Amino acid sequence: MNYAFPPTPIVTLDAMSSNPFPVRRIFCMGQNYAAHVQEMGGIVSAHEPFFFMKPAGAVLHNNSIFPYPSNTADLQPEVELVVALHKGGKNIPADRVNYDYIFGYAVGLDMTKRDLQRVAREKGHPWDMAKAFDHSAPCSAITPEFYSGTLSSGKIELRVNGEIRQSGDIGDMILKIPQMVNWLSNQIELFPGDLIFTGTPAGISPVIKGDVIEATVAGLEPLIITIG
């Protein structure tokens, strides 16, 4: 087929002992740890699931330089467990997610222009320019579920220049992974190649040029980027 111009190359992530994983879409779960809900000014008992999206082109590979973005003075990383799907569908039963739908797991960063997000929230505007900008989804290589097993607990941590900024346990997520996939698939059809960033623990804070960020989830390849 001829196109008006060459199509954009497929975005991929490395995967342990596997062919590269083609990324289709990125869904991000908002405020999925109770302490983070509270630090963002929310009420845990009244919290309802919500998601936002980043484009596949926002992926930044491990051990890369992250260019400090324009139009912000408050860049904040959020460490997250990432779920990679190799099967999709609608109305996916929660009790089948861990057995049939998960290709593997990775460590991701939801990079956020916090000052822009605050303004958008105050005005009731979308968060796109605060969340979905270039390189805003750094991600490690994927560890296939065959190697990691099903992840339902384990330390999740973010260090900046060796100092711990965020520390929690993925077992503390409000909406667990099976329920997350079920909820999303009741709203839209999910597809192979979709990534789900599952939320971040408390402790968010700004980074500046020169900072080295190390994001970890127990049992997975660490994600390391440098703010350039």
Side-chain angles (χ1 to χ4, degrees), residues 8-9 11 13 23-43 47 49-82 106-140 156-168 173 194-217 222-228:
T8 303
V11 175
L13 284 170
V23 178
R24 189 174 190 274
R25 295 174 297 184
I26 301 172
F27 298 95
C28 301
M29 175 79 189
Q31 299 180 16
N32 200 26
Y33 290 76
H36 181 55
V37 174
Q38 294 167 339
E39 76 176 345
M40 294 298 290
I43 301 172
H47 185 66
F50 71 92
F51 288 82
F52 55 92
M53 295 182 68
K54 295 176 184 273
V59 165
L60 181 71
H61 290 97
N62 206 353
N63 299 302
S64 294
I65 302 296
F66 177 95
Y68 196 98
S70 60
N71 303 315
T72 184
D74 191 2
L75 176 67
Q76 297 189 8
E78 302 180 5
V79 59
E80 312 210 2
L81 171 66
V82 178
V107 183
L109 288 171
D110 169 18
M111 302 300 292
T112 303
K113 298 179 180 181
R114 192 70 67 197
D115 42 3
L116 270 66
Q117 185 191 31
R118 291 190 191 100
V119 171
R121 291 178 67 187
E122 290 168 0
K123 294 182 177 181
H125 291 174
W127 295 359
D128 297 58
M129 295 302 100
K131 289 284 193 177
F133 53 94
D134 296 341
H135 316 299
S136 61
C139 198
S140 71
I156 179 171
E157 198 165 77
L158 180 103
R159 294 174 182 261
V160 178
N161 303 324
E163 175 190 348
I164 295 176
R165 296 276 187 94
Q166 292 180 274
S167 186
M173 290 191 292
D194 286 341
L195 298 179
I196 303 174
F197 281 53
T198 58
T200 196
I204 54 175
S205 59
V207 291
I208 60 174
K209 289 184 178 181
D211 283 346
V212 177
I213 301 172
E214 181 180 8
T216 57
V217 173
L223 170 63
I224 301 174
I225 64 168
T226 301
I227 307 298

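The structure presented is a predicted model; accordingly, all values stated were derived computationally and were not measured.
Closest approach of Asp115 to Ala73, counting heavy atoms only: OD2-N, 2.8 Å. Nearest approach of Ile204 to Pro77, heavy atoms of both residues: CG2-O, 4.4 Å.
Judged by distance alone, with hydrogens and angles left aside, the side-chain atoms of Glu80 form no donor-acceptor pair with the main-chain N or O of Leu109 at under 3.5 Å. Proximity of a side-chain donor or acceptor of Ser140 to a complementary backbone N or O of Val107 within less than 3.5 Å is detected.
Residue Phe52 holds its CZ atom at 10.5 Å from CE of Met29, rounded to the nearest 0.5 Å. Expressed to the nearest 0.5 Å, how far CG of Leu116 lies from CZ of Arg121 amounts to 13.5 Å. Taken from CD in Glu78 to SG in Cys28, the straight-line distance is 9.0 Å, to the nearest 0.5 Å. Taken from CG in Asn32 to CZ in Phe51, the straight-line distance is 7.5 Å, to the nearest 0.5 Å.
Residues passing the salt bridge (Lys or Arg N to Asp or Glu O under 4.0 Å) test with Arg24, sequence neighbours excluded: none. Residues satisfying the salt bridge (Lys or Arg N to Asp or Glu O under 4.0 Å) test with Asp74, not counting sequence neighbours, are Arg118. For Thr226, there are no side chain to side chain donor-acceptor pair (under 3.5 Å) partners at least two apart in sequence or on another chain.
Residues Val59 and Ile26 meet the side-chain proximity criterion, which asks for heavy atoms closer than 4.5 Å. A 4.5 Å side-chain heavy-atom check between Ile65 and Ile225 finds every atom pair outside the cut-off. Within the 4.5 Å cutoff, side-chain heavy atoms of Met111 are placed close to those of Phe133. In this structure the side chain of Ile156 reaches within 4.5 angstrom of the side chain of Pro201, judged on heavy atoms. Within the 4.5 Å cutoff, no side-chain heavy atoms of Pro206 are placed close to those of Arg114.
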Requested in this report: Begin with the C-alpha distance, continue with both residues' side-chain angles, and end with the deciding distance and a verdict on side-chain contact (heavy atoms from CB on, under 4.5 Å) for Leu223 and Thr216.
Outcome: CA-CA 6 Å; Leu223 170 63; Thr216 57; over 6 Å; no
Query - Check against side-chain contact (heavy atoms from CB on, under 4.5 Å), Val212 and Ile224 - result: CA-CA 7 Å; Val212 177; Ile224 301 174; 4.0 Å; yes
Query raised in the report: Can Leu195 and Phe27 be said to form a side-chain contact (heavy atoms from CB on, under 4.5 Å), step by step?
Result: CA-CA 6 Å; Leu195 298 179; Phe27 298 95; over 6 Å; no
Report task. Give the C-alpha distance, both sets of side-chain angles, the deciding distance and a yes or no for side-chain contact (heavy atoms from CB on, under 4.5 Å) between Glu157 and Val79. Result -> CA-CA 7 Å; Glu157 198 165 77; Val79 59; over 6 Å; no
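For residues 196-215, the side chain to side chain donor-acceptor pair (under 3.5 Å) pairs, not counting sequence neighbours, are Asn161-Asp211, Arg165-Ser205, Gln166-Thr200. Within the structure, the side chain to side chain donor-acceptor pair (under 3.5 Å) test picks out the following pairs touching residues 55-69 (sequence neighbours left out): Asn62-Glu221.
In this structure, Lys54 is not positioned above the aromatic face of Phe197 in the sense of NZ or CZ being under 6.0 Å from the six-membered ring centre and within 45° of the axis.
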Give the table of side-chain donor-acceptor pairs shorter than 3.5 Å for residues 122-132, with sequence neighbours excluded, one pair per line with atom names and distance.
from	atom 1	to	atom 2	distance (Å)
Lys131	NZ	Asp110	OD2	2.6
Lys131	NZ	Thr112	OG1	2.8

